[in-house]
Amino acid sequence: MTPREAFGRLLRRHGPQHWWPARTRFEIVVGALLMAQTSWARVEESIRNLRRAGLLRLEDLAAADLPRLRRLVRPAGLHRAKPRRLREACRRIRAAGGLDAFLAGDPGAARRRLLRLEGVGEESADSILLYVASRPVFVVDAYTRRLGERLGWFRGGTYAEVQRWFRERLPADARLFNEFHALIVAHGKRHCRPRPRCPGCPLLDSCPHGQTQVYPARDSSKGR
DNA sequence: CACCAGGAATGTA
DNA sequence: TACATTCATGGT
């Protein structure tokens, strides 16, 4: 199955996702910074806390005091890193003249700028480029890897390699990349768990998951 | 209880 | 470069 075919099936199955789920572009950045290794529900809860506290703006977060910030975003975990990184990122974006200025220039330059922010790795940088700056950048996350591996598209590979796999097979269209990634996540949350515990997947003929063979279990002797 | 979540930084070889 | 480990909260 080609990525285009998978996209069509996912879209038919789940419908348009209207990503990124956020009220403002700045909220997307905040969400990306809080997202690492936690569930989206925890990120939403943290963002609600920030909004209720009236801190959900670049200037306010840049000036917020750390103990208060720590309390508000505590649901997102990693409390020794995320609050400080969030405030520091806001300060550097502000110093650059705001979000638009920070993301200006060619995508490569903007990406390197994002990657210099502590707490922003490749996926977060690309998510911001795609969902905030509307750049045609394919975002690779855990669900993307699982879907691709279970469909036999690729096995393992670095972030750049997986990203290139998609880029070489799809038109460089920000709207397509936006919807595709959103659909992969929406689908993955239901059907692409780390260990396939979905023998009775309801999507057998109407979604990519049904076309796959079982993904081999990870070696439990080295995990933990 | 074990495992996981829309990763990233750090350390090691 | 390529992996392994750590981070921390809350859900299943």
Side-chain angles (χ1 to χ4, degrees), chain A residues 6-7 10 14 16-22 27-50 66-67 69-89 92 111-132 137-150 154-164 166 177-198 208-209 215 217-224:
Chain A
F7 174 76
L10 289 170
H14 301 284
Q17 299 297 306
H18 311 296
W19 261 37
W20 181 297
E27 268 191 43
I28 297 177
V29 176
V30 175
L33 279 158
L34 293 179
M35 222 264 327
Q37 201 55 23
T38 190
S39 65
W40 179 248
R42 301 281 141 280
V43 174
E44 278 191 315
E45 189 180 346
S46 300
I47 289 180
R48 278 198 305 273
N49 291 343
L50 292 173
L66 229 37
L69 207 50
R70 210 173 277 126
R71 177 170 58 78
L72 294 169
V73 303
R74 181 181 134 195
L78 300 176
H79 62 262
R80 281 192 285 188
K82 284 181 179 176
R84 178 176 46 77
R85 289 170 178 176
L86 178 58
R87 189 178 71 174
E88 195 53 34
R92 292 189 43 190
R111 192 177 200 264
R112 284 188 290 278
R113 228 168 285 141
L114 285 164
L115 289 174
R116 270 183 234 126
L117 300 176
E118 213 175 322
V120 175
E122 295 190 282
E123 186 196 331
S124 299
D126 287 342
S127 292
I128 292 169
L129 287 174
L130 177 60
Y131 290 105
V132 176
V137 176
F138 198 92
V139 176
V140 176
D141 62 3
Y143 291 129
T144 308
R145 291 176 175 279
R146 279 180 216 147
L147 184 69
E149 288 178 3
R150 289 173 194 184
F154 46 80
R155 164 87 40 184
T158 65
Y159 184 97
E161 287 166 348
V162 175
Q163 186 176 51
R164 183 162 50 87
F166 284 95
F177 289 177
N178 177 322
E179 195 60 54
F180 205 162
H181 177 239
L183 284 166
I184 287 171
V185 175
H187 179 74
K189 282 182 175 177
R190 304 184 188 191
H191 305 297
C192 290
R193 314 295 300 181
R195 327 281 187 86
R197 60 187 57 165
C198 179
H209 197 194
Y215 183 57
R218 291 186 311 183
D219 182 3
S220 57
S221 65
K222 64 177 180 179
R224 211 69 25 130

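Just so it is clear: chains get the letters A, B, ... in the order the sequence lines come, proteins before strands, and each one is counted from 1.
Comparing B/dC4 with C/dT5, their P atoms sit 15 Å apart, to the nearest whole Å. Comparing the same atom, P, in B/dG11 and in C/dA8 gives a spacing of 15 Å after rounding to whole Å. Of the C1' atoms belonging to C/dT6 and B/dA5, the separation is 16 Å, rounded to the nearest Å.
Regarding A/Ile47, its CD1 atom lies at a distance of 13 Å from the C1' atom of B/dG6, rounded to whole Å. When rounded to the nearest whole Å, the span between CG of A/Leu34 and P of B/dA5 equals 18 Å. Rounded to whole Å, the distance from CG on A/Leu33 to P on B/dG6 is 17 Å. Atom NZ in A/Lys82 sits roughly 12 Å away from atom C1' in C/dG10 (whole-Å rounding). The interatomic distance linking A/Glu161 (CD) with C/dT1 (P) rounds to 10 Å, in whole Å. Here the P atom of nucleotide C/dC3 and the CZ atom of A/Arg145 are 11 Å apart, to the nearest Å. Between A/Glu44 atom CD and C/dG10 atom C1' the separation is 15 Å, expressed in whole Å. As a whole-Å value, the separation of A/Arg190 CZ from B/dG6 P is 14 Å.
Around CZ of A/Arg113, the count of heavy atoms belonging to other residues, nucleotides or ligands within 6.0 Å exceeds 12.
Both thresholds, 5.5 Å between centres and 30° between ring planes, are not jointly met by A/Trp40 relative to the base of B/dA5, so the two rings are not stacked.
Under the side chain to side chain contact (heavy atoms under 4.5 Å, CB included) criterion, A/Arg80 pairs with no residue at all, not counting sequence neighbours.
Side-chain N/O atoms of A/Asp126 and A/Gln163 include a donor and acceptor closer than 3.5 Å. For the 3.5 Å distance criterion, the side chains of A/Asp141 and A/Thr144 qualify, holding a donor opposite an acceptor. Residues A/Tyr143 and A/His181 have side chains that never bring a donor and an acceptor to within less than 3.5 angstrom of each other.
An OP1 or OP2 oxygen of C/dG10 is reached within less than 4.0 angstrom by a side-chain nitrogen or oxygen of A/Arg74. One finds a side-chain N or O of A/Arg42 lying less than 4.0 angstrom from the OP1 or OP2 phosphate oxygen of C/dG11. Side-chain N/O atoms of A/His181 include none lying less than 4.0 angstrom from OP1 or OP2 on B/dG6.
Of the candidates B/dA5, C/dT9, B/dG6, B/dA5 carries the atom nearest the A/Pro194 side chain, counting heavy atoms from C-beta on. Listed nucleotides B/dG6, C/dG11, C/dA8 differ in distance to A/Arg80; the shortest reach to its side chain belongs to C/dA8.
Within the 4.0 angstrom heavy-atom criterion, only backbone atoms of the sugar-phosphate kind lie near A/Thr158; the bases stay farther away.
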How does protein reach along nucleotides 7-13 of chain B, written 5' to 3' as B (base within reach of a heavy atom under 4.0 Å), S (only sugar-phosphate), or - (no contact)? BSS----
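Residues A/Phe177 and A/Phe166 place their aromatic rings such that the two centres sit no closer than 6.0 Å.
The nearest pair of heavy atoms linking A/Gly156 to A/Glu149 is N-OE2, 3.2 Å. Considering every non-hydrogen atom in both A/Ser127 and A/Trp20, the closest pair reads CB-CZ3, 3.6 Å.
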